[in-house]
Amino acid sequence: MRGTRKYQHVIETPDPGKWELAGYEESLPISEKSNPITRELDKSDPSQLVQLLRDCDAEIFQEEDANLIHYHDPEGGLVVLSGCGTSGRLALLLANSFNLLLKGQHRAPRYCYIMSGGDRSIVSAQESPEDDPHVGAQELEKVCEGKKNVVFVGISCGLSAPFIAGQLDLCMRHLDVYLPVLVGCNPVSMARNDPIEGWHSSFRQVAERLQALHESHKGFILNPAVGPEAVSGSSRMKGGSATKILLETLLLVAHKADSNVPVTEKCLLEILRTYERAHKVTYSQSKKIAALMKQTATSLQKGHLYILGWGTLGLVGIMAAVECGPTFQADWRDVRGFVTGGYDSIENKEGDLSSLGPEFPISHEDFVRNVLPSVSETDAVLLIFTLDDELNQIEKLAALVKEKTSNIQCISHATAGQYLPNSLKKTIPSIIGMTWPILFLEYEGTFIQKFQRELSTKWILDTVTSGAYALRGKIFRNFMVDFKITNSKLFHRAASVLQRVTGQSQQRCTEVLLQSIYGEQTLSEQIRNRTIAGHVGAAASQDKVLPVAIVSLLRNCAVQEARSRVDSSASIRAAIESSLNVPGRKRGAEEGSGSEGRSR
Ligand SMILES: C[C@](O)(c1cnc(-c2ccc(S(=O)(=O)c3ccc(N)nc3)s2)c(Cl)c1)C(F)(F)F
Ligand SMILES: O=P(O)(O)OC[C@@H](O)[C@@H](O)[C@H](O)[C@@H](O)CO
């Protein structure tokens with residue numbers, strides 16, 4: 001198709017049944033691959049879903065030669081953590097954690113964060129700013145004005161965000177000021193290589209320049225291989241967890257080195273082992289996690305899930321809630337997070353954002369005033385706290401919630417020897433209670449406790465939200481099939497999912513994807529020659545673009561007919577399933593008989 005040069009980086013569809021042989025899977029970026037463990041995620045029941053997600057999370061700890069580096073924080077220097085989407089929210093969480101650690105050592109804060117789309121991305125997903133390398137560089141210059149030595153940590157799990165590429169490029173043009181570090185979960189050879197529109201390099205070219213600096217210790221790439229995501233491409237899950245584990249371990253050790261405690265491989269491994277133990281402690285609650293997932297799926301049919309967290313567990317809850325939008329096309333009202341103290345407690349640089357819109361108030365008071373009056377039995381409320389938090393405050397809030405809905409659950413974190421008061425157990429019937437061993441790692445020990453509880457909570461929430469939406473038919477096999485195409489990565493993902501599900505050629509898939517975006521069967525020359533950014537702009541105002549394209553391809557029907565079929569189906573997955581067995585259709589790749597399993 002004319003203009004296909006734009007898509008030269010997309011891999012051609014192998015012949016039916018030849019996907020493995022054609023080396024298609026091997027050539028895919030790990031962060032975008034389909035994980036064989038979850039090939040039938042969409043046919044699993046809640047407890048099977050928890051096991052599958054647990055096994056995928058366990059792959060993070062598989063033996064790999066993690067090339068951790070040892071560097072000392074420059075005295076008085078600045079450490080900038082930057083990312084898009086989930087990676088940006090983690091940058092905020094990490095910067096706050098280590099500024100708190102410095103405060104405890106009576107030292108000035110030295111960490112700051114950058115997130116694409118600005119602080120509003122904390123509460124409202126902004127997926128398109130990740131495509132702009134110029135803004136990335138400008139934001140970094142703004143934060144580093146007048147600074148002489150900066151450690152820059154760019155986080156992009158897929159090694160793909162142009163926003164981060166722009167920042168790394170700026171660092172490498174001023175190595176006298178910056179020490180650039182790239183964190184991600186793909187080998188450099190699988191870094192994204194399609195051209196960044198309006199810019200001079202691809203992400204991979206930037207990553208290769210950085211790789212060349214590794215020998216001279218002028219730049220570093222930390223890219224542990226953690227295996228494919230349980231939901232293909234959903235780097236908020238294992239990618240986010242691996243990023244948190246890696247950077248917390250590295251920065252904790254850097255601070256030890258700062259206080260001239262010798263850094264040993266043993267000490268690094270000891271900290272990594274505590275995270276592995278956190279995986280075991282967390283998933284020892286699998287039965288209750290499955291019950292929470294089931295309840296969440298039921299509530300999301302007609303109601304909402306409200307996550308009320310204490311301390312940084314509240315920020316972890318907000319992050320999980322926000323990510324349901326770009327991942328499962330959830331409405332911002334469907335899953336919402338709230339944190340004690342609101343914006344004061346998350347210490348974001350732009351301060352209180354409550355006035356930006358109805359989704360922006362995030363304090364418990366906001367929940368009680370704006371949301372609780374309309375809570376009903378169709379809604380579920382999840383409280384997340386530790387036994388060091390104000391238990392009587394928690395009990396009071398739980399009692400208020402109970403007046404409105406009996407669907408109240410909680411995740412509680414205790415240290416060995418702490419027990420939930422009976423009054424609280426009576427108020428909240430179902431409790432996912434984690435008990436953590438006491439750690440004798442002196443000052444850092446309290447931080448490792450905090451990090452473990454945050455990660456444990458993230459695992460549970462990622463599992464519960466992903467599983468709940470899978471149960472609601474938003475996932476086909478292990479692919480997200482209903483996301484809004486709001487940036488270039490999601491455009492390529494939509495095209496790739498089309499190829500995988502229909503087995504049709506890259507050209508045909510791209511053609512129908514554009515028909516679905518523009519709602520027209522015949523594409524004008526002007527449309528064909530638009531940039532991918534142009535297509536993303538047109539797609540951002542459309543919903544169900546990918547499901548409509550899938551049905552149109554499977555049934556070989558016009559997008560108008562496909563759209564009416566999708567709109568009248570019980571779920572997205574049902575619309576796809578019923579289109580797979582259309583008589584006389586060219587068999588797609590690696591398709592089972594398609595009729596087995598549950599109908600969702
Ligand atoms: C797994 C799967 O084949 C698939 C999904 N997404 C993709 C992609 C999603 C996004 C891209 S991309 O933006 O071009 C990209 C993103 C990251 C990276 N390192 N390289 C390329 S490819 C691919 Cl290549 C395959 C399936 F089945 F989902 F389609
Ligand atoms: O960290 P990456 O690979 O650059 O991805 C950055 C963002 O696209 C990503 O975090 C996205 O918001 C999430 O919905 C992924 O599950």
Side-chain angles (χ1 to χ4, degrees), residues 7-14 19 24-25 27-36 38-39 82-91 115-117 121 125-131 136 154-165 182-196 202-204 207 223 228-240 242-243 319-320 322-328 462 465-466 475-481 483-503 506 509 532 546 550 588-590:
Y7 310 112
Q8 65 200 12
H9 295 269
V10 181
I11 305 147
E12 185 44 273
T13 311
W19 290 70
Y24 175 83
E25 274 291 348
S27 59
L28 293 189
I30 296 172
S31 61
E32 305 298 343
K33 275 181 194 291
S34 161
N35 194 318
T38 55
R39 202 180 292 283
S82 177
C84 307
T86 305
S87 299
R89 294 178 199 107
L90 286 171
M115 53 174 56
S116 57
S121 302
Q126 315 283 314
E127 297 285 292
S128 52
E130 98 174 35
D131 273 345
I155 307 166
S156 180
C157 299
L159 265 54
S160 74
F163 186 89
I164 301 299
L182 168 59
V183 173
C185 301
N186 273 324
V188 170
S189 61
M190 292 181 170
R192 192 170 162 191
N193 203 29
D194 55 304
I196 295 174
S202 68
F203 194 103
R204 189 178 306 172
N223 52 338
E229 295 290 348
V231 176
S232 305
S234 185
S235 61
R236 75 188 182 110
M237 300 173 76
K238 289 166 70 179
T243 298
M319 287 169 58
V322 174
E323 286 152 10
C324 293
T327 311
F328 302 108
D462 286 353
T465 51
S466 299
I475 288 177
F476 178 71
R477 294 199 198 126
N478 55 15
F479 312 135
M480 295 177 265
V481 284
F483 51 86
K484 213 178 261 261
I485 299 171
T486 50
N487 63 35
S488 57
K489 174 170 75 170
L490 294 173
F491 181 89
H492 291 305
R493 183 171 300 152
S496 305
V497 169
L498 277 176
Q499 287 178 257
R500 197 63 174 271
V501 171
T502 69
Q506 179 254 315
C509 290
I532 290 182
L546 178 54
I550 293 174
E590 52 152 52

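Order of appearance sets the numbers: ligands from 1, and atoms from 1 within every ligand.
- In this structure, Asp131 contributes its side chain and Ser488 its backbone to a donor-acceptor pair below 3.5 Å.
- Checked by distance only, ligand 1 and Leu28 stay at 3.5 Å or farther apart across all their nitrogen or oxygen atoms.
- Thr327 places no side-chain N or O within donor-acceptor distance of the main-chain N or O of Cys324, the cut-off being under 3.5 Å.
- Every atom of ligand 1 is numbered from 1 in the order shown, and the set under 4.0 Å from a heavy atom of Ser160 is 16 (C), 17 (C).
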Requested in this report: Apply the test salt bridge (charged side-chain N to carboxylate O under 4.0 Å, His left out) to residues Arg89 and Glu323: give CA-CA distance (whole Å), side-chain angles for both, the deciding distance (0.1 Å), then the verdict.
Outcome: CA-CA 10 Å; Arg89 294 178 199 107; Glu323 286 152 10; 3.5 Å; yes

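- Heavy atoms of Met237 found under 4.0 angstrom from ligand 2: none, in either backbone or side chain.
- Of the possible polar contacts, one joining the Asn35 side chain to the Pro228 backbone as a donor-acceptor pair under 3.5 Å is found.
- Side-chain N or O atoms of Asn186 include one that pairs as donor or acceptor with a backbone N or O of Ile30 at under 3.5 Å.
- For ligand 2, the atoms lying closer than 4.0 Å to a non-hydrogen atom of Glu127 are 11 (C), 12 (O).
- Per-residue contacts place Ser156 under 4.0 angstrom from the following atoms of ligand 2 (heavy atoms of the residue considered): 1 (O), 2 (P), 3 (O), 4 (O).
- Interface atoms of ligand 2 facing Glu130, defined by a heavy-atom separation under 4.0 Å, are 6 (C), 7 (C), 8 (O).
- Listed by atom number, the atoms of ligand 1 under 4.0 Å from Ser34 heavy atoms are 1 (C).
- Distance alone, capped at 3.5 Å, places no donor-acceptor pair between the Thr13 side chain and the Gly503 backbone.
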Report task. Show the numbers, then the answer: is there a side-chain contact (heavy atoms from CB on, under 4.5 Å) between Arg236 and Ser466? Result -> CA-CA 11 Å; Arg236 75 188 182 110; Ser466 299; 3.0 Å; yes

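- Among Cys185, Gly240, Gly85, Cys84, the residue whose heavy atom sits closest to atom 6 (C) of ligand 2 is Cys84.
- Both the backbone and the side chain of Glu32 come within 4.0 Å of ligand 1, counting heavy atoms alone.
- The ligand atoms of ligand 2 that sit less than 4.0 angstrom from a heavy atom of Ala161 are 4 (O).
- Annotation for ligand 2: atoms under 4.0 Å from non-hydrogen atoms of Thr86 are 10 (O), 12 (O), 13 (C).
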Report task. Might you work through the side-chain contact (heavy atoms from CB on, under 4.5 Å) test for Ile164 and Ser82, ending with a clear yes or no? Result -> CA-CA 7 Å; Ile164 301 299; Ser82 177; 3.6 Å; yes

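- Ligand 2 does not have Glu229 within reach: every non-hydrogen atom of the residue lies 4.0 Å or more from it.
- Atom 9 (C) of ligand 2 has its closest protein heavy atom at Ser235 OG, 3.9 Å.
- Distances from atom 15 (C) of ligand 1 to the heavy atoms of Arg477, Glu229, Arg204, Arg192 put Arg192 nearest.
- In this structure, Pro326 and Thr486 have side chains that are not in contact, with every pair of non-hydrogen atoms separated by 4.5 Å or more.
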Requested in this report: Show your reasoning for whether side-chain contact (heavy atoms from CB on, under 4.5 Å) applies to Ser235 and Thr86.
Outcome: CA-CA 8 Å; Ser235 61; Thr86 305; over 6 Å; no

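- Polar contact with ligand 2: absent for Ile155 (N/O pair, distance under 3.5 Å).
- Interface atoms of ligand 1 facing Asn186, defined by a heavy-atom separation under 4.0 Å, are 19 (N).
- The minimum heavy-atom distance between Gly85 and Ser116, with the atom names listed, is N-OG, 3.9 Å.
- No N or O atom of Arg493 sits closer than 3.5 Å to an N or O atom of ligand 1.
- No N or O atom of Ala191 sits closer than 3.5 Å to an N or O atom of ligand 1.
- Proximity to Met190 (heavy-atom distance under 4.0 Å) selects the following atoms of ligand 1: 18 (C), 19 (N), 20 (N).
- Distances below 4.0 Å separate heavy atoms of Val497 from the following atoms of ligand 1: 28 (F), 29 (F).
- A donor-acceptor contact closer than 3.5 angstrom is absent between the side chains of Arg192 and Ser31.
- Ligand-side atoms of ligand 2 in range of Ser234: 16 (O), range being under 4.0 angstrom from any heavy atom.
- Within ligand 2, the atoms closer than 4.0 Å to a non-hydrogen atom of Cys157 are 1 (O), 2 (P), 3 (O), 4 (O), numbered from 1 in the order shown.
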Report task. Determine, stepwise, if the pair Met319 / Leu90 fulfils side-chain contact (heavy atoms from CB on, under 4.5 Å). Result -> CA-CA 9 Å; Met319 287 169 58; Leu90 286 171; 3.7 Å; yes

